[in-house]
Amino acid sequence: MGVRFKATHVVLAMLCAMYFITYVDRVNIGTAASEIQKELGLSNTQLGLVFSAFAYPYLLFQVIGGWVGDRFGPRKTLFWCGTIWAVATIMTGFVNSLAALFVARFALGFGEGATFPTATRAMQYWTPANRRGFAQGLTHSFARLGNAVTPPVVALLILWLTWRGAFVVLGFVSLIWGVIWVWYFRNEPKEHASITEAELAALPPRPTGERPRVPWGPLLGRMWPVTLTYFCYGWCLWLYLNWLPLFFKNNYGLDIKSSALFASGVFFAGVVGDSVGGVLSDKILDRTGNVRLARLSVTVAGFTGALLSLFPILFVHDITIVALCLSAGFFCAELVIGPMWSIPMDIAPKYSGTASGIMNTGSAFAAIVSPLVAGFVIDATGNWYLPFLMSMGLLLLGGFSAFLMHPERPFAEGEGRLPSGKVVPAE
């Protein structure tokens with residue numbers, strides 16, 4: 001007899017593949033940047049603008065995309081998102097100007113904007129409640145695995161097919177994933193032909209009745225501390241994703257292959273961090289039953305560890321020590337992913353797609369500002385370490401803002417409103 005995989009495990013594996021592919025398509029430009037910069041004659045400031053192009057529609061579609069995922073379901077939403085971002089990646093291989101490159105990256109952000117909030121909606125119904133931290137940590141570890149393998153893979157593709165051919169190949173891989181997803185996935189687990197009764201019994205119950213309308217004001221009131229905390233994390237993340245290959249190449253005079261290998265080593269630390277953070281958060285929850293302790297302890301530890309890890313690079317510039325410090329910093333920063341992406345499901349299970357979209361606007365806004373500021377600072381000062389010094393300040397703020405989050409308080413209908421309908425401040 002052949003091995004039979006559980007439907008819930010296959011769905012989780014497909015979401016892991018999606019996270020992997022989306023991050024390959026996001027960060028491929030970081031490795032190709034030196035070749036693109038040379039061919040199109042771009043400054044670091046212009047390159048920062050190109051890096052940020054992805055984030056403008058990505059920011060817009062965090063909340064809108066989360067609503068679309070809630071309204072139309074993950075099956076159709078992720079299929080069309082995958083098609084759009086795949087075509088945008090292929091388009092990048094045919095650009096001939098700064099404007100065209102900006103448009104292609106803008107389209108990529110348009111396609112990927114709804115993916116993570118919608119994936120959270122899929123996990124809401126396909127993952128047992130006590131495995132949410134693990135599922136979020138695992139899927140995001142595959143995102144970081146995408147970060148890690150992208151530099152050497154893109155470097156090899158560039159040497160084989162040029163940077164243009166590299167984008168075309170990666171875009172077609174994304175198209176294949178979209179076709180498999182729409183063929184296999186079902187919005188309702190009970191409608192899947194391969195799911196078992198035992199699997200269904202372990203999944204959280206579905207709400208009955210009419211689809212609830214999103215209470216935007218009260219929900220925003222509960223989610224803004226989560227969004228602020230995730231912005232601080234996102235600032236550091238997007239500095240790593242966009243500038244790390246160029247940091248090693250230009251600051252240490254490395255060729256594209258060597259810089260890609262150093263960047264890849266740093267990103268691999270994030271793969272481990274994502275998984276560890278999610279598992280730790282779930283274990284603390286299982287042992288204590290305290291949701292706030294489970295989420296905040298790991299999140300604050302991650303911010304603190306990342307800050308302390310980056311501190312030595314301000315004084316020691318040996319490439320090996322710097323690479324180790326950056327790896328440790330990325331590992332610690334990625335510890336926050338599992339607990340942070342569990343918080344929208346903890347707070348607002350009925351609106352988890354929308355709530356996670358609200359949270360991810362923090363990272364999306366950071367994806368606009370962080371690369372722009374970094375490019376400007378590098379052009380203005382020639383110092384590649386200053387952007388990391390700025391990230392340390394954001395990590396400190398994130399550690400403090402985490403204490404404003406309250407995942408232990410499930411969002412209640414009518415929260416934040418008096419009987420008269422007047423809004424009162426959320427706790």
Side-chain angles (χ1 to χ4, degrees), residues 59 62-63 66 116-117 120 132-133 136-137 140 214-238 273 277-278 280-282 284-285 288-308 332-370 390-418 422-427:
L59 171 63
Q62 286 313 292
V63 177
F116 284 13
T120 299
R132 289 171 178 170
Q136 290 287 4
H140 281 83
V214 177
W216 289 101
L219 188 58
L220 287 167
R222 284 298 307 278
M223 291 301 299
W224 76 261
V226 187
T227 304
L228 173 60
T229 304
Y230 208 57
F231 168 82
C232 297
Y233 158 79
W235 184 287
C236 184
L237 170 69
W238 290 102
L280 280 177
S281 183
D282 281 347
I284 294 171
L285 180 60
T288 67
N290 189 325
V291 176
R292 191 164 195 258
L293 176 64
R295 306 312 185 203
L296 266 64
S297 59
V298 179
T299 299
V300 173
F303 278 114
T304 304
L307 173 62
L308 295 177
C332 292
E334 291 305 299
L335 290 174
V336 313
I337 282 291
M340 286 298 296
W341 277 90
S342 299
I343 288 174
M345 293 186 282
D346 296 328
I347 292 178
K350 285 187 179 180
Y351 315 102
S352 58
T354 303
S356 60
I358 293 172
M359 181 191 77
N360 208 26
T361 58
S363 177
F365 184 61
I368 294 173
V369 182
S370 179
M390 299 173 69
S391 287
M392 292 171 63
L394 270 296
L395 290 169
L396 182 63
L397 175 61
F400 281 109
S401 67
F403 289 100
L404 300 175
M405 305 186 300
H406 288 282
E408 79 283 6
R409 302 177 187 170
F411 182 78
E413 299 296 332
E415 179 178 327
R417 294 184 181 276
L418 295 170
K422 295 181 179 180
V423 177
V424 297
E427 295 182 4

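- The closest donor-acceptor contact from the side chain of Ser281 to the backbone of Ala294 lies under 3.5 Å.
- Residues Gly338 and Ser342 approach most closely at O-OG, 2.8 Å, considering heavy atoms.
- One finds the CZ atom of Arg295 at 10.5 Å from the CG atom of Asn290 (value rounded to the nearest 0.5 Å).
- For residues 394-408, the set of pairs meeting the salt bridge (Lys or Arg N to Asp or Glu O under 4.0 Å) definition, not counting sequence neighbours, comprises Arg292-Glu408.
- Residue Thr361 holds its OG1 atom at 10.5 Å from CG of Leu228, rounded to the nearest 0.5 Å.
- Closest heavy-atom contact between Thr227 and Ile358: OG1-O, 3.1 Å.
- Taking every heavy atom of both residues into account, Val336 and Ala333 meet most closely at CG2-O, 3.1 Å.
- Interatomic distance, Leu219 CG to Trp224 CH2, rounded to the nearest 0.5 Å: 14.5 Å.
- Distance CG/Leu395 to SG/Cys332: 10.0 Å, rounded to 0.5 Å.
- Minimum heavy-atom separation, Ile343 to Pro407: CG1-CB, 4.0 Å.
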Sequence neighbours excluded and cut-off under 3.5 Å, please list the side-chain donor-acceptor pairs for residues 229-238, or say none.
from: Thr229; atom 1: OG1; to: Pro225; atom 2: O; distance (Å): 2.8
from: Thr229; atom 1: OG1; to: Ser401; atom 2: OG; distance (Å): 2.9
from: Tyr230; atom 1: OH; to: Trp341; atom 2: NE1; distance (Å): 2.6
from: Tyr233; atom 1: OH; to: Arg144; atom 2: NH2; distance (Å): 2.6
from: Tyr233; atom 1: OH; to: Glu334; atom 2: OE1; distance (Å): 3.3
from: Tyr233; atom 1: OH; to: Glu334; atom 2: OE2; distance (Å): 2.7
from: Trp238; atom 1: NE1; to: Ser363; atom 2: O; distance (Å): 3.3
from: Trp238; atom 1: NE1; to: Ser363; atom 2: OG; distance (Å): 3.1

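- A side-chain donor-acceptor contact under 3.5 Å links Arg222 to the backbone of Arg409.
- Met340 CE to Ser356 OG: the interatomic distance, rounded to the nearest 0.5 Å, is 11.5 Å.
- Nearest heavy atom pair, residue His406 against residue Ile347, reads O-CG1, 4.0 Å.
- Closest of all the heavy-atom pairs between Thr299 and Ala402 is CG2-CB, 4.1 Å.
- Phe403 has its side chain within reach of Val300: a pair of non-hydrogen atoms, C-beta onward, lies under 4.5 Å apart.
- Rounding to the nearest 0.5 Å gives a distance of 8.5 Å between CG of Leu293 and CG of Leu296.
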